[in-house]
Amino acid sequence: MEVKTSLLDNMIGVGDMVLIEPLSEDTFIENLRKRFEHNEIYTYIGSVVISMNPYKSLPIYTAEKVEEYRNRNFYELSPHIYALADEAYRSLRDQDKDQCILITGESGAGKTEASKFVMSYVAAVCGKGQEVNKVKEQLLQSNPVLEAFGNAKTVRNDNSSRFGKYMDIEFDFKGDPLGGVISNYLLEKSRVVKQPRGERNFHIFYQLLSGASDDTLKKLKLDRDFSKYNYLSLDSATVNGLDDAACFRTVRNAMQIVGFMEDEVQSVLELVAAVLKLGNLEFKPESRCNGFDESRIKDKNGEYLKEMCELLGIEQSVLERAFSFRTVEAKMEKVSTTLNVAQAYYARDALAKNLYSRLFSWLVNRINESIKAQTKSRKKVMGVLDIYGFEIFEDNSFEQFIINYCNEKLQQIFIELTLREEQEEYIREGIEWTNIEYFNNAIICDLIENNKNGILAMLDEECLRPGTVTDETFLDKLNTVCAEHQHFESRQSKNSKFLTDHSLPHNCFRIQHYAGKVLYRVEGFVDKNNDLLYRDLSQAMYKANHSLIKILFPEGNPAKVNLKRPLTAGFQFRASVGTLMKNLLTKNPNYIRCIKPNDKKAAHIFTDSLVCHQVRYLGLMENVRVRRAGYAFRQAYEPCLERYKMLCKQTWPHWKGPAREGVEVLLKNLQVAAEEFAYGRSKIFIRNPRTLFFLEEKRRQCLEDLATLIQKIYRGWKCRTHFLLLKKSQVVVAAWYRRFAQQKKYQNIRSSALVVQSYIRGWKVRREYRKFFRANAGKKIYDFTIQRIMQKYFMGLKKTMPSMSPVDKSWPARPYGFLDGMHQELRRIFHLWRCKKYRSQFTEEKKATYEEKLAASELFKDKKALYPSSVGQPFKGDYVEITKNPKYQKLNSLVEDKVLLADVVSKINRANGKVRTISSPRIFLLTKKSLVLADQKTGQVKASVPLLDLSSVSVSTQSDGFFALKLKEGSTSAAKGDFLLSSDRLIEIITKLHRIGAASAERNQINIDISDEFLVQFKQDKVCVKFIPGTPKNGNGVACKRKNNRLLEVSVPSP
Ligand SMILES: Nc1ncnc2c1ncn2[C@@H]1O[C@H](COP(=O)(O)OP(=O)(O)O)[C@@H](O)[C@H]1O
Ligand SMILES: [Mg+2]
């Protein structure tokens, strides 16, 4: 939606001076100041734009700003030059009205900048396309070229235009630019030869010397040194913030874009160089015989003259002569007179001025040729006039007079057109027109331009008059002719009231311009009006062998000798101003009134007196008065209704009927006094700004209320939306939760149902299958269970197996009673297996040892009480170390076989048969074949018995070590009787003995007789050896007691 805004929004001061209340010069200036301080440099008076020069760049000329102002109504946005440009362009394009933009103001007030802003705005908003862009570019680039040649630094403005410029931009019916025409007015050519203090010559001179390449300068025979050239003022040759070299490049570039050929550019630069050289020519007097001095070019300047002539292709002697003589034609007769030095200087400067100003005009024409519209079809035109403003100096001369005249003319069409427009609007809108008092400056224009007795006419008359003509005679003439005029003042005039006015010097006259009184010094008026260039010089120029120079001085052509005097400057100017005015009057005017805030070219300074002066002479107050005379403010019905409709219930928020009726209802409702407004055809006219401000104030209040209302509704809406959202979310959350709960419940029910169902199904199936179950399944289940138990048992057993030691008694507890048998059996098997394992590790030796032990066990276990004590003792065999002991070496050598056993035994004395307990120790040797008894001390053999002679061995059942070796009856050994021996190692001895018997095939096994009573053959007697349990009094030892011949009692202590 397009936002409807208005100039009245956010105003600083008032945006339109028409609305100022109360209207006075003070309030007017105060308003300007206030806006200026807020960087609001534009203010309207109706449709006129006042522009204050900010002297700083403001961010208000951006592409965004262009878009902002594009196609918007004039009063819709805050005042801006773009609004005016837009209005002008649109009414040109849409309403087919030719436009002119009139920019006026003092030097340095911002006219040229304003004209550029207008042009760039139009360029930005008009059509696009390759061709159109080229045209636009050429139009825009004509500016830098003209500024280089036509602008200069002055005390008022670093870039002051020293010529008036009017540019017609031509458009086609679509509003696309086709081309343009530039007219220039009165270049300030005196500047070429002389510049006031603090000012400088035209920019191009400095730009050329700073920016041209060495090569170019060489070609032009110039030095890069300002001080070499008399025409260049040195005190301000460089301008702060101005880069002449860069500007030169810009200008060259612009010339190229505009369409200058390379050789044309070269010619132009040659002329510029020639002017500089011309300035360096100096003259000296040379006495002539007729008593007059004749001027000659000083010798040291000969070089300059030569170079200049070379540059321009002029014969040096011709030019030289032209500076010494002039040809005067009197009564059809040519007379040559000499020039004195002063005249020569005059001639030099006149030539330089003419050369330069004609070059400038040629440039303008050349640009026109380039930017000329290519079609012949009808064009729409927008003219932009950037002309020097009103000038009031301390010392005002002919130039100021001409300039101010031009401004008078402009003021006139301004008044005429604004009034006319105002009037036309009233008529258009059907509002009664009330006559407005205003100052019409036509009378001043008349004073200057009247053909019969206008000042310019008088001047021309003077110039053409034969006889001595001086500025004084001209002033005399004015004093007589214009004395009566209300706006003419002079000391010598007939009007006696100035006779004693000392502010009015004698050689001056004063004119009361619409913008104030200006004092003109008459000195130079005649000369400047004549603008005389000696014909000899123009002819010399014409003879030049330089294409451009020739064109510039056509009057030098001898074939066209025109004896008529050339047109005076004043006359020419008056004519061109006349044409311009005529041209402007056919167009719809748009005004930009530029004001400079201070004389220092400084931002932020606002000098009241200076602004006041400008406001006065620009006639701005009158402008406001005219505008307010009838109705101060007017506005079309639609935007008016749109803006104020909230002030009345009937029109708010929408008015259905026509806008005009809406406004009527509105105003009636607000009880605005009837004389305060008038209804036009399309606009409402408000007489007093007060009424408008009343409406604005009401609107502001209303907007505040509306804002509150909007705020309220918005807040309500926001809360409600939020609430609705919450509510919606709550429903969603609840729904999800319910769903979830129900789902959960359903799942519970479902799984419960499944359980119940499976129970029922199981029950049913079991009932159905019970009969089959008993028959088959029971057994299967039983088997399975048993298998399972067994498996578990075995697996468990595997983990709890006892160690591999054969003496380990442990065995896991049985788990089930019914496995008892197997459990024990497994234990047994395991034991056997581990014993086998154990045995399998035995060596042969060990095996033999254990075999012996086993044999001992078989023989004695549970038969003899001594046996248990032998189990733990290893059967070493050799206890006396028979082979090692040297005592028994001999004994050992006697024994043939390997000694199986050697031990010390006790021999029971049998010879005396006495009962003795002392036994004599003997070495007992056992070999495979025999046994030997030897003396323990000596090792002497006492008895050697072959084993074959041994019949049996007897031992008791008790724990004693007694054993009897019984010999076979009849054998050789038997002669001495049986042996009764005692040894602690009885078990080992007997076992070995027994095993020898068992191993040999030749012998019968030796019997082992175990009993507590056995017979022993002692020599002749057979004695019974009887073992009885001992009593404690016998002590621990075994006691033998011979009872009689037949009985030997051995008491063995019980263990
Ligand atoms: N709108 C503006 N914004 C910024 N600077 C400006 C503006 N108008 C003028 N100026 C400054 O003021 C100087 C003089 O302006 P110019 O247009 O040359 O004055 P005039 O043509 O009226 O003599 C410019 O060179 C520029 O520095
Ligand atoms: Mg200017």
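Whatever order the structure lists ligands and atoms in, that order sets their numbers, starting from 1.
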field: Test item: protein heavy atom less than 4.0 Å from atom 12 (O) of ligand 1
entry: yes

Can you name the atoms of ligand 1, numbered from 1 with element, that are less than 4.0 Å from a heavy atom of [X]?
{"X": "Glu106", "result": "22 (O)"}
{"X": "Tyr55", "result": "12 (O)"}
{"X": "Ser107", "result": "23 (O)"}
{"X": "Lys56", "result": "3 (N), 4 (C), 5 (N)"}
{"X": "Asn159", "result": "18 (O)"}

message: Taking CZ in Phe571 as the centre, count heavy atoms belonging to other residues, nucleotides or ligands within less than 6.0 Å. Is the count above 12?
response: no

Gln256, CD: over 12 other non-hydrogen atoms inside 6.0 angstrom: no

query: Would Phe398 and Phe573 count as a close aromatic pair, with their ring centres under 6.0 Å?
result: no

- prompt: Between Tyr61 and Phe117, does the ring centre distance come in under 6.0 Å?
  reply: yes

Under 3.5 Å between any N/O of [X] and any N/O of ligand 1: does that happen in this structure?
{"X": "Pro54", "value": "no"}
{"X": "Asp386", "value": "no"}
{"X": "Thr112", "value": "yes"}

Just verifying a value: how many Å separate [X] [atom1] and [Y] [atom2], rounded to the nearest 0.5 Å?
{"X": "Asn157", "Y": "Ser107", "atom1": "CG", "atom2": "OG", "result": "5.0 Å"}
{"X": "Asp158", "Y": "Asn240", "atom1": "CG", "atom2": "CG", "result": "8.0 Å"}
{"X": "Met167", "Y": "Ser115", "atom1": "CE", "atom2": "OG", "result": "9.0 Å"}

Residue of the set Phe149, Phe163, Tyr356 for which ring-ring contact (aromatic ring centres under 6.0 Å, His included) holds with Phe202: Tyr356

- prompt: Mind checking whether Phe525 and Tyr520 have parallel, tilted or perpendicular rings, split at 30° and 60°?
  reply: perpendicular

- prompt: Among the heavy atoms of Ser160, does any lie under 4.0 Å from an atom of ligand 1?
  reply: no

query: Going by heavy atoms, is Gly108 under 4.0 Å from ligand 1?
result: yes

The Mg ion (ligand 2) neighbourhood, protein N/O/S only, threshold under 2.8 Å: Thr112 OG1, Ser161 OG

Cation-pi geometry met for Arg366 and Phe260 (6.0 Å, 45°): yes

task: May I ask you to identify the nearest protein heavy atom to atom 26 (C) of ligand 1, giving residue, atom name and distance to one decimal place in Å?
output: Glu113 CG, 4.1 Å

Set of salt bridge (charged side-chain N to carboxylate O under 4.0 Å, His left out) partners for Asp244, sequence neighbours left out: Arg200

query: If hydrogens are left out, which of Asn157, Ile41, Asn53 has an atom nearest to atom 6 (C) of ligand 1, that is, the closest non-hydrogen atom?
result: Asn53

- request: Scan side-chain atoms only and decide if Asn441 and His487 contain a donor-acceptor pair under the 3.5 Å cut-off.
  value: no

